[in-house]
K.L.:
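Supplied in C-alpha cells, the structure appears directly below.
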Amino acid sequence: MSAIHPRLRFAPSPTGYLHVGGARTALFNWLYCRKHGGTFLLRIEDTDKARSTDESTRAIFEGLHWLGLDWDEEVVYQGAQVERHQRDAHALVASGHAYRDFTTAETLERLRAEATARKEPFKFDRRIAEYPQAELDARLAAGEPYAIRFRVPEGSTAWDDLVHERIEFPNKDIDDFVILRSDGTPVYNHAVVSDDIAMGITLVMRGDDHISNTPKQILLYQALGAALPQFAHLPMIHGTDGKKLSKRHGATAVGDYQHLGILPSAMANFLALLGWSPGQDIEVMMRDEMIARFDEHKLLKKAAVFDPKKLEWMNGQHLSKLPLDDVLPRVVPALVAAGLTTDADVAARAPWFRTLLDLLRVRARTIDDLVRQATPFLRDAIEYDADAVAKQWADRPATRDLLDAAAGVLAPLPEWTPAAMEGATRTLAEVRGVSAGKIFQPMRVALTGLGVSPGIFEVLELLGKERALARLHAAVRRLGEPV
RNA sequence: GGCGGUAUCGUCUAGGGGACUAGGACACGGCCCUCUCAAGGCUGGAACACGGGUUCGAAUCCCGUUACCGCUACCA
C-alpha cells in the first residue's frame with residue numbers, strides 16, 4: 001500500500017504570512033517524510049498573480065526555516081508551469097474528457113441569477129456548450145475565447161483517506177468544472193493535479209477544507225491516465241472562540257510567535273499535538289523524538305483550538321529541557337537586540353553567561369521573560385520594581401538596618417562563595433533573631449530590583465562581590481532618604 | 001438549499017465492545033517543598049452533544065437529530 005519512496009509536498013499560496021495552520025500542515029508532511037525516508041517538497045502556488053507577492057513567498061521560506069522544516073529539492077513555482085497546465089487541459093479536450101465552453105462570464109452570471117431567483121440550485125448544463133462541428137470550427141477560426149471544462153462522468157468517486165478512511169461522492173453532485181480559463185490560465189484543481197503528477201507526489205497531505213475538491217482531482221488524475229496518490233486530510237485549527245483561526249485571534253503567523261520569544265522546537269511540538277497524539281500521555285518531545293514517534297495512523301479528524309497558554313507552557317518546557325547550546329543561539333541575539341550586551345561581551349565571558357542563562361531559563365516561559373530577568377545582571381543601574389519594594393521594604397528603617405548589616409558581614413568574606421555567603425547571612429539572621437527569609441527577600445530587591453530571581457547566593461555570585469556590595473549600599477542609601 | 005466532514009473535561013487529548021467509579025496535559029483552586037519565582041510532588045472541581053438501535057454488555061459499532069466546519073466560482 002505505501003509507496004516505495006514517498007514524495008510529499010507542502011503547497012502554500014503566497015498571499016500572506018505563513019499561517020500556523022499552514023505551518024502545521026507543513027510540519028506533518030515533513031514529519032512523515034523524515035520518519036519514512038521520503039522527499040519533502042515545497043511548491044509555491046502563485047497562480048493568482050493579483051494576490052501573490054514575493055514578500056509572502058519570502059515570509060513562507062523564513063517561517064519554514066525558523067521551524068526547521070527543510071525541503072529536499074528546489075522549490076517549484078506553480079506560475080512557471082502554465083504551459084504544462086495548458087497542455088494537459090488540451091490533452092483532455094483531445095481525449096474527450098473535457099470540452100471547450102464558449103459561454104461568457106456574463107451569461108453564466110445571468111443563468112446563475114435566474115436559478116437563484118427560481119430558488120433552484122444552479123447546475124451547469126453542458127448542453128449549452130455543445131455546438132455542431134461547423135459552428136465550433138467557425139468560433140475557433142474567429143478566435144473566440146473559450147474556457148475548458150471537465151466532463152464529469154457518471155458514477156461516483158471514492159478514496160481511502162489516511163485519516164478519514166473511505167469517503168465517497170456521487171459524481172452527479174459535481175458540476176462540469178472549468179480547468180482552464182478563457183485567458184489560458186489554469187484553475188486551482190487542475191493546476192494542483194498537473195503539478196502533483198509532474199512532481200511525482202505519492203501522498204497528498206493537506207487541510208480537510210480540500211476534501212470536497214478531492215473527487216474532482218481524482219477524476220482529473222484518472223482522465224490524465226496518472227496513478228492516484230494517497231490522500232490524507234488534516235483537521236483545521238480554530239481560534240479560542242471555535243471559529244477558523246484568523247487575524248482577529250491575534251497572532252496567527254509563525255513569525256509572530258518567533259517575535260514573541262517562542263522557540264521553534266516548542267512551536268513545532270505544540271503544533272504537532274494539534275491533530276495528532278503519540279499516546280502514552282506523552283506531551284513534551286524534542287525534534288528527534290517527535291520524528292521517531294510520528295505515526296500517520298494516529299492523525300485525528302477533529303478540528304483543534306489553538307491555545308496560546310499551552311504554547312507558553314510548552315515553550316517553558318523546551319526552554320529548560322533543551323541542551324543549553326541549543327537555546328543560546330536563540331537567547332543571545334535577543335539580549336543583544338535589547339541592548340543589554342554585545343556578541344563580543346558574550347564571547348569574552350562565555351562561562352558567566354552560560355551560568356546566568358542556565359539559572360534563568362528554568363523560570364522563564366518565553367525568551368522575552370528571560371531577557372527581562374537577565375536585565376539586572378547586565379546593567380549597571382537597576383530599576384526597582386514598585387510592588388517588590390512595597391512588599392519587601394515595607395519597614396524602611398528596619399530594612400535599611402538589616403541590609404546594612406548584611407553588607408557588613410559579606411564585605412569581609414575572604415572568599416566570595418555561596419557557602420561563605422550563606423554562613424555569614426544565616427548567622428546574621430540568628431543574631432538578629434529573624435528568619436533568614438527576612439534578610440534574603442529585601443536583599444533580592446536590593447540586588448536585582450525584582451521580587452523574583454534565582455537563589456540569593458547564586459545572584460550574589462553572579463553579580464560579583466564588588467557590584468553586589470555596591471547595590472546593597474545603594475539600597476541602604478536609598479532607604480535612608482525620605483520617601 | 002445540495003453534497004461532504006466532524007462531535008470525550010473550558011482547551012489539547014487517551015480511549016478503537018467488558019480493564020471506565022472515563023486516564024493524562026494546559027488553565028483554575030488547595031497543600032507540600034522553599035530565601036522569592038519557576039520547576040517538581042500531592043490534591044480538588046471539570047467531559048463521553050441528543051435520541052434510537054445492535055449486543056449479555058457501548059465513550060467505543062449502526063441509524064437519525066442537532067451543532068459546527070468545508071465545498072457548491074472562468075478563488076486558492
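Hydrogens, waters and symmetry mates are skipped; everything else that's a heavy atom, side chains included, is used. Convention: sequence-line order gives letters A, B, ...; per-chain numbering from 1. This structure is a prediction, so every number in the text was calculated from the model and none was measured.
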K.L.:
Of all the choices, B/U36, B/A76, B/U6, which nucleotide is nearest to the side chain of A/Q441 once you look at every atom?
P.N.:
B/U36
K.L.:
Considering only B/U13, B/A73, B/C35, which nucleotide approaches the side chain of A/F122 most closely?
P.N.:
B/A73
K.L.:
Nearest to the side chain of A/P170, which nucleotide is it out of B/A76, B/U72, B/C3?
P.N.:
B/C3
K.L.:
Look at the aromatic rings of A/F150 and A/H97 and report parallel, tilted or perpendicular, splitting at 30° and 60°.
P.N.:
parallel
K.L.:
In whole angstrom, give the distance that lies between atom CG of A/L299 and atom P of B/U6.
P.N.:
13 Å
K.L.:
Which whole number of Å gives the distance between the C1' atom of B/A47 and that of B/U11?
P.N.:
12 Å
K.L.:
Taking the side chain of A/R112 as its heavy atoms from C-beta onward, which of B/G5, B/C26, B/A73 lies nearest to it?
P.N.:
B/A73
K.L.:
Exactly one of A/R151, A/R126, A/K216, A/R149 should register a salt bridge (Lys or Arg N to Asp or Glu O under 4.0 Å) with A/D176. Which one does?
P.N.:
A/R126
K.L.:
Taking only the side-chain heavy atoms of A/K298 (C-beta and beyond), determine which of B/G15, B/G40, B/C3 contains the nearest atom.
P.N.:
B/G15
K.L.:
Is the distance from OP1 or OP2 of B/A38 to the nearest side-chain N or O of A/R361 less than 4.0 Å?
P.N.:
no
K.L.:
Between B/A46 and B/A25, how many Å separate the two C1' atoms, rounded to a whole number?
P.N.:
14 Å
K.L.:
Could you check how far CG of A/D176 sits from P of B/A73, rounded to whole Å?
P.N.:
12 Å
K.L.:
Parallel, tilted or perpendicular: which fits the ring planes of A/Y99 and A/F124, with parallel below 30° and perpendicular above 60°?
P.N.:
parallel
K.L.:
Would you measure the distance from the C1' atom in B/A59 across to the matching atom in B/U13 and give it in whole Å?
P.N.:
14 Å
K.L.:
So if I take every side-chain heavy atom of A/K309 and compare against B/A7, B/C26, B/C35, which nucleotide ends up nearest?
P.N.:
B/C26
K.L.:
Between B/G2 and B/G45, how far apart are the C1' atoms? Round to whole Å, please.
P.N.:
45 Å
K.L.:
Nearest whole Å is fine: how far is B/C69 C1' from A/L234 CG?
P.N.:
15 Å
K.L.:
Rounding to the closest angstrom, what is the interatomic distance between B/A58 and B/G18 at atom C1'?
P.N.:
9 Å
K.L.:
Do any side-chain nitrogens or oxygens of A/R149 fall under 4.0 Å of OP1 or OP2 in B/C74?
P.N.:
yes
